[in-house]
> 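Take a look at this one; I'll ask things after.
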Amino acid sequence: MARLWPVLAAASLIACTNGSASAVTSATPAAPACTVSGADKFVERAGGAAAICAAVERAVHAQAPGQHHVEVKVLSATTMTATTRLADGRTLPDLHTAISDGTISPAMMDRFAQDIANQISSTLQHQGK
């Protein structure tokens with residue numbers, strides 16, 4: 001039993017450390033919300049609604065964390081719009097994107113998500129001035 005004590009103590013210490021680390025990481029700001037309509041017009045290889053929301057949530061969280069809500073509408077296989085409601089309830093002007101030489105792709109979704117994040121970030125920066 002004497003030899004087992006250091007092993008048990010080390011295991012307990014590791015378990016306590018892991019528990020406190022996960023408690024710290026769960027205290028992150030709320031993620032933005034995203035909804036998509038018209039995703040059936042998507043080309044499947046672009047990833048559909050889940051890929052759009054993942055790109056939007058990633059970009060917005062990196063630049064302007066908060067409980068913002070982004071509603072993306074897929075108007076065709078080449079066109080999308082986004083309406084953003086900020087955490088404080090304000091609605092931003094719609095953003096539009098289109099591609100003329102193909103269909104919506106993962107790269108296009110990432111660029112559009114970045115545009116959305118830039119719009120939110122810019123609005124929030126100017127509200128304080």
> With rounding to the nearest 0.5 Å, note down the distance linking CG in Asp115 to NE2 in His96.
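Nearest 0.5 Å value for the CG-NE2 distance: 12.0 Å.
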> Would you give the length of the straight line joining atom OG1 of Thr123 to atom NE2 of His68, rounded to the nearest 0.5 angstrom?
9.5 Å
> For a quick test of reading the model, state the closest non-hydrogen atom pair linking Ile104 to Ala46 and the distance between them.
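Looking at all heavy atoms of both residues, the shortest contact is O-CB, 3.3 Å.
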> Could you pull out the closest heavy-atom pair between Phe112 and Leu95, with the gap in Å?
CZ-O, 3.7 Å
> With rounding to the nearest 0.5 Å, note down the distance linking CZ in Arg58 to CD in Gln63.
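One finds 13.0 Å between CZ of Arg58 and CD of Gln63.
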> What's the separation between atom OG1 in Thr83 and atom NE2 in His69, rounded to the nearest 0.5 Å?
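Thr83 atom OG1 to His69 atom NE2 measures 10.0 Å (nearest 0.5 Å).
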> Any heavy-atom pair between the side chains of Thr84 and Glu71 that's under 4.5 Å?
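SC-SC contact between Glu71 and Thr84 ruled out.
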> Which heavy atom in Cys53 sits nearest to a heavy atom in Thr35, and how many Å separate them?
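Taking Cys53 first and Thr35 second, the nearest heavy atoms are SG-N, 4.0 Å.
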> Which pair of non-hydrogen atoms, one from Ala59 and one from Ala117, has the smallest distance, and what is that distance?
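Closest heavy-atom pair between Ala59 and Ala117: O-CB, 3.4 Å.
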> Does a side-chain heavy-atom distance below 4.5 Å link Gln114 with Arg111?
no
> Below 4.0 angstrom, N of the basic side chain to O of the carboxylate: do Lys73 and Asp94 qualify?
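Result for this pair is no, no salt bridge flagged.
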> Calculate, to the nearest 0.5 Å, the distance between atoms OG1 and CG belonging to Thr81 and Leu75 respectively.
4.5 Å
> Closer than 3.5 angstrom, by distance alone: can the side chain of Gln119 be matched with the main-chain N or O of Pro93 as a donor-acceptor pair?
yes
> Which is it for Val74 and Ser37 under the side-chain contact (heavy atoms from CB on, under 4.5 Å) test, yes or no, and what are the steps along the way?
CA-CA 6 Å; Val74 180; Ser37 60; over 6 Å; no
> At their closest point, which heavy atom of Ile99 faces which heavy atom of Gly102, and how far apart are they?
CG2-O, 3.6 Å
> Using a 4.5 Å cut-off on heavy atoms from C-beta on, say whether the side chain of Thr79 contacts that of Thr97.
no
> Counting only N and O atoms by type, is there a donor-acceptor contact under 3.5 Å from the side chain of His126 to the main-chain atoms of Ser122?
yes
> Taking all non-hydrogen atoms of both residues, which atom of Arg85 and which atom of Gly89 are closest, and how far apart?
CG-O, 3.7 Å
> Mind checking the CD1-CE spacing from Ile116 to Met109? Nearest 0.5 Å is all I need.
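That separation rounds to 11.5 Å.
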